[in-house]
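Notes follow once the structure below has been shown.
Just follow the structure's listing: the first ligand is 1, and inside any ligand the first atom is 1. Computed from a predicted model, the values in this text were never measured in an experiment.
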Amino acid sequence: MSTAKKDYKRVTVKSLVEMKANGEKISMLTAYDYTMAKIVDGAGVDVILVGDSASNVMAGHETTLPITLDQMIYHASSVIRAIDRALIVVDIPFGSYQSDPKEALRSAIRIMKESGAHAVKMEGGKEVKESIKRTLNAGIPVMGHLGLTPQSIYKFGTYTVRAKEEEEARKLKEDALMLEKIGCFAVVLEKVPAKLAKEVAESLTIPIIGIGAGNGVDGQVLVTHDMLGMTHEFNPRFLRRYLDLYTEMTNAFKKYVIDVKAVDFPNENEQY
Ligand code: KIV
């Protein structure tokens with residue numbers, strides 16, 4: 001069942017701002033490969049994020065820091081080949097935009113040109129303002145990302161809720177306003193108090209997409225492998241698991257092993 005208010009044949013950055021204005025919530029999920037993206041897009045998810053969480057989910061790294069620009073472009077181009085409707089946003093990975101605005105623009109151009117993506121995402125507020133501005137000036141749509149920014153995990157030290165204290169909350173609100181002012185089309189708010197996230201969403205015209213930010217924002221994003229229950233060590237309070245694929249898949253693999261060992265697979269109908 002779809003609860004969409006308007007039938008968007010193709011979701012654009014403009015559609016998202018329109019959805020917010022019309023009170024329609026935005027759905028966003030991650031994908032890093034063709035097959036998953038095809039299913040996510042076919043189900044009507046509005047935005048697909050080729051997140052640098054691929055570093056954890058696909059490559060098994062502890063953090064998002066090791067993934068490279070080339071690897072992000074590989075994931076993004078696989079996703080792009082699968083989609084008919086969703087807007088595709090690609091994370092610029094750690095180390096590919098922080099040092100100077102020209103580097104940010106070069107990285108964003110490579111992502112757009114080599115993968116065919118529709119927009120990029122960068123983490124941070126005023127520290128990366130010039131990088132974001134330079135990218136926007138080249139006509140590349142940028143999504144911001146505030147609150148818990150996993151590329152700065154070694155600065156924070158933990159993955160706990162951000163902006164609980166007044167000073168950090170104030171900076172977050174200023175950064176969100178600044179991102180809107182310079183031209184970002186949306187902002188992800190990760191792991192911040194629901195009251196603060198709602199306040200930020202209500203003060204901006206661009207959509208705020210939350211992850212662990214309550215339901216007072218304009219849309220939600222989850223890591224697909226987490227919401228499908230394929231990962232099972234990661235259990236934050238905000239995560240709703242829609243399936244338990246870890247168990248389902250384990251049982252299927254076990255059954256396959258049994259069938260192969262018992263010479264039950266393949267049977268007569270499964271051979272030539
Ligand atoms: O990389 C990612 O998957 C993300 C989401 C958690 C927002 O940035």
Side-chain angles (χ1 to χ4, degrees), residues 16 25-33 36-37 40 45-69 71-76 78-79 86-98 107-108 111 115 117 119-125 128 132 141-153 156 159-163 172 175-176 179 184-192 197 200-201 206-214 217-228 230-231 233-241:
L16 299 187
K25 299 286 182 183
I26 297 161
S27 57
M28 171 160 145
L29 283 174
T30 58
Y32 321 109
D33 69 283
M36 187 68 88
V40 174
V45 172
D46 300 312
V47 185
I48 295 181
L49 173 67
V50 183
D52 58 1
S53 51
S55 180
N56 315 102
V57 177
M58 302 305 281
H61 292 296
E62 206 176 305
T63 72
T64 58
L65 276 67
I67 199 159
T68 65
L69 187 58
Q71 287 165 340
M72 288 303 297
I73 290 169
Y74 167 77
H75 286 299
S78 308
V79 166
L87 179 83
I88 306 302
V89 182
V90 181
D91 266 329
I92 307 190
F94 175 71
S96 300
Y97 63 96
Q98 289 92 344
S107 302
I111 289 173
S115 76
V120 297
K121 175 160 84 59
M122 288 184 239
E123 295 183 5
V128 290
I132 294 178
V142 179
M143 177 180 268
H145 185 152
L146 300 171
L148 176 66
T149 46
Q151 292 180 8
S152 311
I153 187 58
F156 298 141
Y159 285 98
T160 54
V161 180
R162 307 303 311 170
L172 187 144
D175 281 341
L179 291 175
C184 286
F185 69 91
V187 176
V188 165
L189 263 194
E190 181 164 354
K191 241 181 161 183
V192 299
V200 173
I206 59 168
I208 298 295
I209 316 284
I211 173 163
V217 291
D218 308 302
Q220 300 293 331
V221 54
L222 284 175
V223 169
T224 296
H225 290 67
D226 294 336
M227 64 86 83
L228 292 179
M230 290 173 88
T231 51
E233 302 93 350
F234 181 62
N235 283 307
R237 191 206 293 199
F238 68 75
L239 176 60
R240 183 179 294 181
R241 292 194 200 283

Min side-chain heavy-atom separation L172-L189 under 4.5 Å: yes
Can you name the side chain to side chain contact (heavy atoms under 4.5 Å, CB included) partners of E190, sequence neighbours left out? H145, L148, P150, I211
Between S115 and I73, is there a donor-acceptor pair closer than 3.5 Å when you use the side chain of the first and the backbone of the second? no
In this structure, are over 12 heavy atoms from other groups packed under 6.0 Å from Y74 atom OH? no
Counterpart residues, ring-ring contact (aromatic ring centres under 6.0 Å, His included), relative to Y32 (two or more places apart): H225
Please tabulate, line by line, the atom pairs linking an N/O of ligand 1 to a protein N/O at a distance below 3.5 Å, with the distance in Å to 0.1, or answer 'none'.
from     : atom 1 : to   : atom 2 : distance (Å)
ligand 1 : 1 (O)  : D52  : N      : 3.2
ligand 1 : 1 (O)  : D52  : OD1    : 3.0
ligand 1 : 1 (O)  : S53  : N      : 3.1
ligand 1 : 1 (O)  : S53  : OG     : 3.3
ligand 1 : 1 (O)  : D91  : OD2    : 3.1
ligand 1 : 3 (O)  : S53  : OG     : 2.5
ligand 1 : 8 (O)  : K121 : NZ     : 2.9

With sequence neighbours excluded, what pairs up with F185 under the side chain to side chain contact (heavy atoms under 4.5 Å, CB included) test? V13, L16, L87, V89, A119, P141, M143
